[in-house]
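Here is the structure we will look at, set down as structure tokens.
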Amino acid sequence: MFEFNHIDSLWIVLSAILVFMMQLGFALVETGTVRSKNTINVAMKNLIDTIVGVLVFWLIGFGIMFGSDVGGLIGSSHFILEGDEGGVNTFFFFQAMFAATAVTIVSGAVAERMKFNGYVIVAVVVTAAIYPLFGHWSWGEGGWLKSMGFVDFAGSTVVHSMGAWIGLAGAIVLGPRLGRFRHGKVHHFAPSNHNFIVFGIFILWFAWFGFNGGSLLAFEPKVAKILVNTLIAGASGGFAGYLISLLFHQRVGVEIFSFGILSGLVGITAGCDQFSLPVSALVGFVAAVVMFVSDLLLLRLFRVDDPLSVVGIHGFAGVWGTLAVGLFAALPPEMARVDFFLVQLTGVGAAFCLAMVSGLLLFSLLYLFKALRVSKRHEVIGLNVAEHHARLPWVDTIESIIKIMRSGNLQAKVYEERDTEVGIVARFFNYLLTILRHEQAKLTRSNTMLRSEAITDPLTRAMNRRGMLDKIGHLNPYRDQLSVIIFDIDKFKAVNDTYGHGVGDDVLKSLVKVITPLLRKEDHFARWGGEEFVVIAQTIDLATAEELAERLRSGVESALFSTVGSVTCSFGVSSPKNDHHTLDALIENADKALYRAKELGRNRVCSW
């Protein structure tokens, strides 16, 4: 199994290098698909699963997958390879890339809400046990599925579906991202960089030639057939994605179009060494349709949040590609078509059961030990910062702008990074804030003036009724020590009738000038309406209030008014007796006292 000539070894090594490039392709697709606040985190997860995957597969996984068979279930040799056998090294180098790919697929399904260290544990378990175990069943010498005649040439099920089903288990246990499902509707999260998605697809497609072509483990003419089938299936899947996008969205969406290509590549992987070109085109096309339908069902019917459509692309498209082998590939010796299809169905069923059971158990244990999902706060601020203390200038600037917009704090500023595009944006935003601050100051001054006018009597410039009620309307007279003095000008109608309203207005203005100096600084004075005025005295002692009212009456009586000579006023005073006296009741009582003063001959103070 591990003996290769020089040409074959060179081809396998070059193919492995191409497969390694898939890690870059997946990293680009994932960082482009997730939101900006999580791009560094998913890139780091792609990096760590490569490191952990290769190391653990070298220590344990390779031996379980390709070691000496024990009961058709597990390998028992080739653990911790010494690296002194050329053929073994060549084969391990190629297969280690597959192991890293399998676990990378998981990261897409759990993106944007899983703890980094929890994901490291998943990478260890997947590459140490789950993936190698099914790999032995399917590809290992003596594996029970391989012995039944199960065919999965390059890993539609072994690599892709296994990774997808484990990812599905993770997505179920993790639950959806915050805000993904709101008020019964699916909320779409816009990708951070559509260009990265497209660039990643190009790299993955290129690397897939090594993935499928290298799986022959020999450089033979058949390699050309494998590569052409891979090319056609990818293109056919992309064309299906293009049509699906036009049909359902009336535009060519980057994600569906790109993921259609990936689905076609996943679908062809199981039978690329046997299919004809027309069959390869059909398999790729149907794979994209399967991806789209399964993704919709998972999202809308089962409410499974799979950020990268991992389950549809790698899971169900992988199942379709493996079953397509049973439908279209050459039959193994002495096996009917139905029997071959059932063997393929058994293989995909075994993969699903192993991956889901072990995946649910693994993620549930992580949940139990609080190593699974990040906190809500960390999910909101993003895993770039929460998990790695890493920031993207654009993201920081946008978040700062949003924070200022939400708080309305125009005194804040956005950090200006020098000599960068984002710094220029920040500078212009700060300039806009400066303009807004100036306009806000003008508006504040204008509002102050308007409010002042609203509570000021335009004739006398004293406070008006509205201003007085705004100032004291919420107070309790007894607790807040308030008494009410109401007074009006005696025989004011006669003044207007005799001298005219102009003189009457002068009398009102002169009265305010007389009253104001006689008040204490803690008292409030307002024109109540017409020739009636009110004083709110800071006291509940009736005698003190009466004394103040008498001082005001005497002051008015002794004052000299132009044109009319002298003017007198009648006063009504009321003070609260207990906590139950309201301001309205106090004003009513003072008004009664005022009319009592008029009945008694005017120019006097009465209390109630």
Side-chain angles (χ1 to χ4, degrees), residues 457 459-460 462-469 471-473 475-499 504-505 507-520 522-561 564-608:
D457 176 53
L459 176 65
T460 64
M463 190 187 303
N464 61 19
R465 180 193 288 254
R466 176 182 174 181
M468 180 64 82
L469 291 177
K471 187 176 288 290
I472 64 165
L475 302 178
N476 180 281
Y478 188 79
R479 288 198 301 268
D480 294 302
Q481 305 276 300
L482 302 178
S483 293
V484 174
I485 301 171
I486 295 180
F487 64 95
D488 69 4
I489 301 172
D490 296 331
K491 299 181 179 180
F492 186 67
K493 184 176 182 301
V495 173
N496 281 330
D497 291 344
T498 303
Y499 301 102
D505 290 345
V507 170
L508 291 172
K509 290 188 282 187
S510 297
L511 179 64
V512 170
K513 293 178 181 178
V514 171
I515 292 292
T516 302
L518 299 174
L519 295 170
R520 303 171 303 176
E522 64 268 23
D523 299 326
H524 304 295
F525 174 50
R527 183 184 179 190
W528 207 239
E531 72 274 23
E532 195 171 61
F533 295 84
V534 66
V535 173
I536 304 299
Q538 191 71 50
T539 181
I540 58 171
D541 179 50
L542 184 59
T544 303
E546 289 174 337
E547 182 182 336
L548 174 60
E550 179 59 32
R551 185 165 72 247
L552 298 178
R553 187 204 64 78
S554 176
V556 173
E557 185 181 29
S558 61
L560 181 63
F561 291 79
V564 298
S566 62
V567 169
T568 62
C569 293
S570 299
F571 289 76
V573 182
S574 180
S575 296
K577 302 302 180 185
N578 54 53
D579 203 18
H580 300 296
H581 272 162
T582 64
L583 185 64
D584 288 341
L586 216 57
I587 292 172
E588 183 180 350
N589 290 340
D591 207 37
K592 291 176 181 178
L594 169 63
Y595 281 98
R596 178 62 177 163
K598 289 184 176 296
E599 289 175 354
L600 294 175
R602 296 185 176 88
N603 191 24
R604 67 185 64 232
V605 176
C606 288
S607 59
W608 190 282

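These numbers were taken from a predicted model, which means no experiment stands behind them.
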Checking Lys577 against Leu542 for the side-chain contact (heavy atoms from CB on, under 4.5 Å) test, could you report, in this order, the C-alpha distance in whole Å, the side-chain angles of both residues, the deciding distance, and whether it holds? CA-CA 9 Å; Lys577 302 302 180 185; Leu542 184 59; 4.2 Å; yes
Inter-residue atom distance Leu586.CG - Ile485.CD1, 0.5 Å rounding: 10.5 Å
Using the test ring-ring contact (aromatic ring centres under 6.0 Å, His included), find all partners of Phe571 that sit at least two apart in sequence or belong to another chain. Phe487
For Thr544, enumerate each residue passing the side chain to side chain donor-acceptor pair (under 3.5 Å) test, keeping only those at least two apart in sequence or located in another chain. Asp541
Of all residues at least two apart in sequence or in a different chain, which pass the side chain to side chain contact (heavy atoms under 4.5 Å, CB included) check with Lys513? none
Tell me, please, which residues at least two apart from Glu599 pass side chain to side chain contact (heavy atoms under 4.5 Å, CB included). Arg596
Using modelled atom types only, decide if a donor and an acceptor are shared between the side chain of Arg551 and the backbone of Leu518 within a distance under 3.5 Å. yes
Could you tell me which residues satisfy salt bridge (charged side-chain N to carboxylate O under 4.0 Å, His left out) with Asp584, sequence neighbours excluded, listed by chain and number? none
Of all residues at least two apart in sequence or in a different chain, which pass the side chain to side chain contact (heavy atoms under 4.5 Å, CB included) check with Met468? Met463, Ile472, His524, Ala526, Trp528, Val534, Ile536
How long is the gap from CG on Leu594 to OG on Ser574, to the nearest 0.5 Å? 12.0 Å
Sequence-distant partners of Phe525, ring-ring contact (aromatic ring centres under 6.0 Å, His included), two or more places apart: Phe533
Strictly by ring pair (Phe, Tyr, Trp, His ring centres under 6.0 Å), give each pair with a member in residues 581-600 just once, sequence neighbours left out. none
Measuring from atom CD1 of Ile587 to atom OG1 of Thr582, what distance do you get when rounded to the nearest 0.5 angstrom? 8.5 Å
Candidate pair Ile489 and Leu508, rule side-chain contact (heavy atoms from CB on, under 4.5 Å), full reasoning: CA-CA 9 Å; Ile489 301 172; Leu508 291 172; 3.7 Å; yes
Minimum heavy-atom separation for Thr516 to Val512, with atom names? OG1-O, 2.7 Å
dist Asp457:CG -> Arg527:CZ (nearest 0.5 Å) comes out at 4.5 Å
Identify, with sequence neighbours excluded, every residue that meets side chain to side chain contact (heavy atoms under 4.5 Å, CB included) alongside Gln538. Gln481, Leu482, Arg520, Glu522, Asp523
Partners passing side chain to side chain donor-acceptor pair (under 3.5 Å) against Thr539 (at least two apart in sequence or in another chain): none
Mind listing the closest non-hydrogen atom pair of Val514 and Phe561 along with its distance? CG2-CZ, 4.3 Å
Quick one: side chain to side chain donor-acceptor pair (under 3.5 Å) partners of Ser607, sequence neighbours excluded? Glu546
Any chance you could measure Asp488, atom CG, to Cys569, atom SG, to the nearest 0.5 Å? 7.0 Å
Does the side-chain contact (heavy atoms from CB on, under 4.5 Å) test come out yes or no for Val605 and Val573, once each step is laid out? CA-CA 7 Å; Val605 176; Val573 182; 3.8 Å; yes
So Val484 and Asp591, do their side chains get closer than 4.5 Å, heavy atoms only? no
Go through it in stages, so that I can follow the logic: the residues are Val556 and Asn603, the test is side-chain contact (heavy atoms from CB on, under 4.5 Å), and I'd like the CA-CA distance, side-chain angles, deciding distance and then a yes or no. CA-CA 10 Å; Val556 173; Asn603 191 24; over 6 Å; no
For Ser570 against Ala597, the heavy-atom pair lying closest together: CB-CB, 4.1 Å
Any donor and acceptor pair, going by atom type alone, linking the side chain of Thr498 with main-chain N or O of Val495 inside 3.5 Å? no
Give a yes or no on this: more than 12 heavy atoms of other residues, nucleotides or ligands lie within 6.0 Å of atom CZ of Phe492. yes
List in chain and number order the residues that pass side chain to side chain donor-acceptor pair (under 3.5 Å) with Lys493, two or more places apart in sequence or in another chain; answer none if no residue qualifies. Asp497
Reported CZ-to-CD distance for the pair Arg604 and Glu550, which is rounded to 0.5 angstrom: 10.5 Å
